[in-house]
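The structure follows.
Per chain, numbering begins at 1; letters A, B, ... match sequence-line order. Source: prediction; values computed, not measured.
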Amino acid sequence: MSELARTHTCGALRAADRGGEATLLGWVHRVRDLGSLIFVDVRDRFGVTQVVARDDEALLAQAKRLRPEFVVGVSGTVELRSDETLNRKLATGEIEIAAREITVLSEAKRPPFQIADETPVSEDIRLKYRYLDLRRERMQRNLQLRHRVVMAARRSLDEQGFLDIETPILAKSTPEGARDYLVPSRVHPGEFFALPQSPQIFKQILMIAGMDRYSQIARCFRDEDLRADRQAEFTQIDLEVSFATPDLIFGIVERLMQAIFAANDESIEIPFPRLPYAEAIAKYGSDKPDLRVEMAISDVSGVFADSRFRVFGDTVAGGGVVRAFVVPGAARFSRRQVDDLVAEAVELGGSGLVWVRRAPDGKVQSSILKAAGPEPLGRVLAAVGAGADDLALIAAGAPDDASRLLGQLRLRLARRQGLIDERRRVLTWVVDFPMFDWSETEGRYMAMHHPFTAPRDEDRDRLDTDLGAVLAKAYDLVLNGNEIGGGSIRIHDQPLQRRIFELLKISDEDARSQFGFFLEALEYGTPPHGGIALGVDRIVALLAGEASIRDVIAFPKTAAAADLMTGAPSSVSPRQLRELHLHTNS
RNA sequence: GGGGUCGUAGUUCAGCUGGUUAGAACGCCGGCCUGUCACGCCGGAGGUCGCGAGUUCGAAUCUCGUCGACCCCGCCA
């Protein structure tokens with residue numbers, strides 16, 4: 001049977017091939033046994049082809065042996081199917097192979113779930129038997145899409161003058177950022193490599209090294225808790241550009257994204273709109289707004305500035321805001337539904353939620369009707385543009401808190417009300433991020449993006465006066481409410497980089513031991529530069545319509561960062577631990 | 001670290017306020033069938049109800065613990 005040579009894949013044959021000889025190799029997808037007429041669907045990555053066994057007793061006996069997932073070789077004649085028997089659902093449905101010989105190359109145990117069936121299977125079983133799960137059409141489709149996306153990205157970057165360069169996986173641990181995955185060194189007792197959270201410093205050094213434009217499909221590692229869109233290791237399209245401005249990066253990435261969408265037969269318009277961070281927070285309560293949804297948040301503080309409703313009046317007097325948005329068509333919500341919304345707001349950490357609407361007779365209804373009176377509430381409805389069928393939701397508090405709360409409700413309601421058009425793709429740049437973020441737990445400012453991000457030129461002076469007000473040359477790329485990329489223009493002069501470390505309360509000593517090599521490199525002629533990293537897993541998941549990036553990764557880990565197929569992580573031998581100079585408590 | 005959902009046949013699920021023999025569909029096994037393509041028809045096998053305690057005359061069902069999967073908050077420069 002080793003001489004069995006494949007002449008066609010299972011997705012190749014068409015009517016034009018009729019009369020020819022063919023040998024197919026693949027998996028038994030389904031068997032339909034009609035007695036002295038047996039159909040066998042043979043499957044491979046390229047498709048499914050129907051094989052028919054008839055007339056020959058030995059051949060029929062052999063076909064009767066076949067079970068799902070056996071690996072077989074089939075030789076026979078390509079026959080045209082009659083009009084009544086062709087299958088339009090199948091690319092190869094115009095023909096079938098009249099088998100002359102069927103060879104079993106490999107038998108298969110009964111699989112724990114059906115391959116030839118898209119019925120959902122619990123994820124732990126899929127992950128344990130990943131090799132079977134990957135045979136299913138959905139995963140075949142997803143991984144083929146991922147391949148096309150990566151190929152398109154590489155091609156686009158090559159065309160745009162990028163050099164693909166690999167950076168180390170065994171790298172250096174640095175403070176700030178996510179928790180590192182560590183790798184103990186055998187030859188340096190007590191010392192560790194860290195797996196890269198991103199190739200950040202290496203790619204900047206490549207710019208200093210004169211590589212001009214670097215790109216890489218880079219694996220990154222972060223030892224933080226996982227989510228549907230976060231894995232312990234994930235893949236980025238990482239790039240860095242010398243002599244960069246934000247506009248230059250945006251253009252490069254917009255062309256790249258066009259190529260990526262084209263790989264999924266989708267066209268997108270460029271350039272993408274740009275939304276300042278402050279506006280994103282104010283209007284949508286999120287730094288990654290889903291712009292498929294209208295329902296923008298607006299400020300109604302003025303209405304309540306001197307309101308007799310004390311809670312709002314005091315909030316405004318104390319420097320807070322009152323903000324609101326309209327839920328279209330939600331005036332007909334039952335009292336129960338509206339009360340549930342208020343409870344939901346509290347669960348989300350809000351101090352409360354006020355609603356206003358008009359009853360069918362036009363009278364104002366509201367949770368604070370008695371306290372505030374109908375007049376200001378009517379003005380709120382007018383101010384936010386609420387129609388007769390609409391419901392207005394109002395929250396008060398610190399500006400960002402009020403908007404973030406409303407932003408979360410806005411998204412949940414949009415989903416629940418079916419207001420999101422799943423076929424739409426809305427891409428936007430979010431720009432002008434703050435440089436720094438005050439950390440209560442650390443008691444200091446932290447870099448919002450990372451410590452190598454350059455401040456906007458016009459904000460340089462504020463580094464000395466008002467750190468919280470300094471905006472950065474940082475940007476995120478957002479697709480349908482998902483952050484799919486982020487980057488910045490970097491600091492390229494050593495004194496400013498030192499100054500930023502200082503502001504971040506990274507001591508001189510730490511800066512020298514953690515980043516000394518980098519600070520030194522900056523002194524040898526650093527071109528202005530900047531870049532971005534795009535999340536491959538998230539992009540492919542969105543293109544594929546998958547809710548979790550696990551479904552576009554061949555061998556993903558569970559939410560507890562375990563590999564259910566291999567059993568990793570696992571204990572190692574005492575000898576391995578000794579060699580690595582490690583002791584464990586377990 | 002915290003909150004939530006789930007765990008019953010190979011798979012997906014049902015199983016009420018605790019009650020005698022735990023069901024269905026698909027799959028699997030056997031039989032019949034020459035135009036099926038989710039083939040059809042007939043018959044059959046298949047269960048530590050995740051695991052461990054507890055409450056009770058009696059637990060798949062109630063309680064606690066534990067393990068696992070998933071979702072969310074924190075975290076993720």
- Using atom P of each nucleotide, how far apart are B:C41 and B:G46 to the nearest Å?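 Here B:C41 and B:G46 have their P atoms 24 Å from each other.
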- Message: Treating A:D459 as the side-chain partner and A:R462 as the backbone partner, does any N or O pair qualify as donor plus acceptor under 3.5 Å?
- Response: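 Side chain of A:D459 to backbone of A:R462, a donor-acceptor pair under 3.5 Å: no, none is there.
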- CG of A:L34 versus C1' of B:U36: gap in Å, rounded?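 In whole Å, B:U36 C1' and A:L34 CG are 5 Å from each other.
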- Message: Is A:R32 close enough to B:U36 that one of its side-chain N or O atoms is under 4.0 Å from OP1 or OP2 there?
- Response: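 Checking A:R32 against B:U36: no side-chain N or O falls below 4.0 Å of OP1 or OP2.
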- A:R179 side chain to A:D223 main-chain N or O, any donor-acceptor pair under 3.5 Å?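 Side chain of A:R179 to backbone of A:D223: a pair is present.
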- Output the single nucleotide from B:U36, B:G27, B:C37 whose closest atom is nearest the side chain of A:Q114.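 When the side chain of A:Q114 is considered, B:G27 is the closest of B:U36, B:G27, B:C37.
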- Message: For a quick check of understanding: with a heavy-atom distance under 4.0 Å over all strands, which category does A:R412 fall into, base, sugar-phosphate or nothing?
- Response: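 Counting heavy atoms under 4.0 Å across all strands, no contact is made by A:R412.
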- Message: What's the separation between atom CZ in A:F518 and atom CD in A:Q200, rounded to the nearest 0.5 Å?
- Response: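 Those atoms lie 7.5 Å apart.
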- Message: Just to be sure I understand the rule, does A:I115 reach a base, reach only the sugar-phosphate, or reach nothing, if contact means heavy atoms closer than 4.0 Å?
- Response: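 It contacts nothing in the nucleic acid.
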- Query: In the strands shown, is B:A59 matched to any nucleotide by a Watson-Crick or G-U wobble pair with both distances under 3.5 Å, and which?
  - Reply: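 Pairing partner: none.
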- Task: Under 4.0 Å from any atom of RNA chain B, heavy atoms only: list the residues of residues 60-85 of chain A that qualify, in numerical order.
- Result: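 Hits under 4.0 Å, by residue number: A:R67, A:P68, A:R81, A:T85.
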- May I ask which nucleotide in the shown strands pairs with B:G74, Watson-Crick or G-U wobble, both distances under 3.5 Å?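 The base-pairing partner of B:G74, which may sit in any strand shown, does not exist here.
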- Query: Between A:Q216 (side chain) and A:D238 (backbone), is there a donor-acceptor pair under 3.5 Å?
  - Reply: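 No; zero donor-acceptor contacts below 3.5 Å.
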- What does A:Q231 touch in the nucleic acid at a heavy-atom separation under 4.0 angstrom: a base, only the sugar-phosphate, or nothing?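 A:Q231: no heavy atom of the nucleic acid under 4.0 Å.
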- Task: Would you mind reading off the distance between A:L37 atom CG and B:C37 atom P, rounded to a whole angstrom?
- Result: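 Interatomic distance, CG of A:L37 to P of B:C37: 12 Å.
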- Query: B:U12 P sits how many Å from A:F113 CZ, rounded?
  - Reply: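 From A:F113 CZ to B:U12 P: 10 Å.
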- Query: Rounded to the nearest 0.5 Å, how far apart are CG of A:L143 and CE of A:M139?
  - Reply: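 One gets 5.0 Å once the value is rounded to the nearest 0.5 Å.
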- Query: When we call it a touch if two heavy atoms are under 4.0 Å apart, what does A:T558 touch: a base, just sugar-phosphate, or nothing?
  - Reply: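 The answer is sugar-phosphate, as A:T558 gets under 4.0 Å only of primed atoms, P, OP1 or OP2.
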- Query: Does OP1 or OP2 of B:C70 have a side-chain N or O of A:R227 closer than 4.0 Å?
  - Reply: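 For A:R227, the contact criterion (side-chain N or O under 4.0 Å from OP1 or OP2 of B:C70) is not met.
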- Message: So if I apply the side-chain contact (heavy atoms from CB on, under 4.5 Å) rule between A:I420 and each of A:R416, A:E422, A:Q417, which one comes out positive?
- Response: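 Passing option: A:E422.
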- A:R30 vs A:H450, nearer the 5' end of RNA chain B by closest nucleotide: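 Checking each residue's closest nucleotide, the 5'-ward one belongs to A:R30.
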- Message: Expected output is a numbered-order residue list: members of residues 121-129 of chain A with a heavy atom under 4.0 Å from any atom of RNA chain B. What is it?
- Response: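 Nucleic-acid contacts, sorted: A:V121, A:S122, A:E123, A:D124, A:I125.
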- Message: Donor-acceptor pair, distance only, cut-off 3.5 Å: does the side chain of A:D401 make one with the backbone of A:A398?
- Response: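 Absent.
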- Task: Report the C-alpha distance between A:D476 and A:K288 in whole Å, list the side-chain angles of each, state the deciding distance to 0.1 Å, and finish with yes or no for salt bridge (Lys or Arg N to Asp or Glu O under 4.0 Å).
- Result: CA-CA 8 Å; A:D476 275 0; A:K288 45 177 171 131; over 6 Å; no
- Message: What is the distance, to the nearest angstrom, from the CG atom on A:L226 to the P atom on B:C75?
- Response: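 Spelled out: CG on A:L226 to P on B:C75 is 16 Å.
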- Under 3.5 Å donor-acceptor, A:T92 side chain and A:V48 backbone: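 Side chain of A:T92 to backbone of A:V48: a pair is present.
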- Message: Can you check the distance between B:U11 and B:U5, where both ends of the measurement are the P atom (answer in whole Å)?
- Response: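 Those two atoms are separated by 24 Å.
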- Task: Keeping the roles fixed (side chain from A:R136, backbone from A:D117), state whether a donor-acceptor pair exists under 3.5 Å.
- Result: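 Present.
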- Query: Under 4.0 Å between a side-chain N/O of A:K109 and OP1 or OP2 of B:G10, yes or no?
  - Reply: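 No, A:K109 has no side-chain N/O under 4.0 Å of OP1/OP2 on B:G10.
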- Please state the C1' separation for the pair B:U17 and B:C42 - nearest whole angstrom.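 Taking atom C1' in both B:U17 and B:C42, they lie 41 Å apart.
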- Item | Spacing of A:D117 atom CG relative to B:G10 atom P, expressed in whole Å |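 One finds 17 Å between P of B:G10 and CG of A:D117, rounded.
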- Please work out if A:D223 contacts a base, only the sugar-phosphate, or nothing of the nucleic acid, heavy-atom cut-off 4.0 Å.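 No contact at all - A:D223 keeps every heavy atom at 4.0 Å or more from the nucleic acid.
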- With both distances kept under 3.5 Å, what pairs with B:G40, Watson-Crick or G-U wobble?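 For B:G40, the partner nucleotide comes out as B:C32, under the 3.5 Å rule.
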- Query: Say you pick atom C1' in B:G50 and the same atom in B:C70; how far apart are they, in whole Å?
  - Reply: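 That atom pair is separated by 16 Å.
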- Looking at B:C39, does its base get a donor-acceptor pair with the side chain of A:D33 below 3.5 Å?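 Absent.
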- Query: When you measure from the side chain of A:E79 to the backbone N and O of A:G19, does any donor-acceptor pair fall under 3.5 Å?
  - Reply: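 No; zero donor-acceptor contacts below 3.5 Å.
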- Task: Write down the distance between CD1 (A:I97) and C1' (B:G35), rounded to a whole number of angstrom.
- Result: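 Taking CD1 of A:I97 and C1' of B:G35, I get 17 Å after rounding.
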- Is any N or O donor-acceptor pair between the side chain of A:D225 and the base of B:G74 shorter than 3.5 Å?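 Pair found.
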- Looking at RNA chain B, which of residues 46-56 of chain A put a heavy atom within less than 4.0 Å of it?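 Result for residues 46-56 of chain A: A:Q50, A:R54, A:D55, sorted by number.
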- Task: Please report, rounded to the nearest Å, how far the C1' atom of B:C75 is from the CZ atom of A:F234.
- Result: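 Nearest whole value for this atom pair: 14 Å.
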- Do A:E224 side-chain and B:G74 base share a donor-acceptor contact under 3.5 Å?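 Absent.
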- Where do A:L59 and A:A99 come nearest, in terms of heavy atoms and distance?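 It is CD2-O, 3.1 Å.
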- Message: So A:T453, base contact, sugar-phosphate only, or nothing? Heavy-atom distance under 4.0 Å.
- Response: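 Nothing: the residue A:T453, judged by heavy atoms under 4.0 Å, touches no strand.
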- Message: Is the ring pair A:F250/A:Y475 parallel, tilted or perpendicular, if the boundaries are 30 and 60 degrees?
- Response: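 Aromatic pair A:F250/A:Y475 classed perpendicular.
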- Length of the line joining A:R230:CZ and B:G74:P, which is rounded to integer Å: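 Nearest whole value for this atom pair: 9 Å.
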- Task: Using the closest heavy atom to pick a nucleotide of RNA chain B for each, name whichever of A:A178 or A:A562 lands nearer the 5' end.
- Result: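 It is A:A562, whose closest nucleotide lies nearer the 5' terminus.
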- Determine yes or no for a side-chain-to-main-chain donor-acceptor pair under 3.5 angstrom, with A:D537 supplying the side chain and A:T235 the backbone.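 Present.
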- Message: Should the side chain of A:R110 and the base of B:C28 be counted as holding a donor-acceptor pair, with the cut-off at 3.5 Å?
- Response: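 A donor-acceptor contact between them is absent.
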- Item | Rounded P spacing from B:G40 to B:C26 in Å |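 Result for the P pair: 8 Å, nearest Å.
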- Donor-acceptor pair, side chain of A:K203 and main chain of A:L239, under 3.5 angstrom: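 The answer is yes, because a donor-acceptor pair under 3.5 Å joins these two groups.
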- Message: Using a 4.0 Å heavy-atom cut-off, does A:P112 contact any base of the nucleic acid, only the sugar-phosphate backbone, or nothing at all?
- Response: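 If one applies the 4.0 Å heavy-atom cut-off, A:P112 turns out to touch the sugar-phosphate alone, with no base involved.
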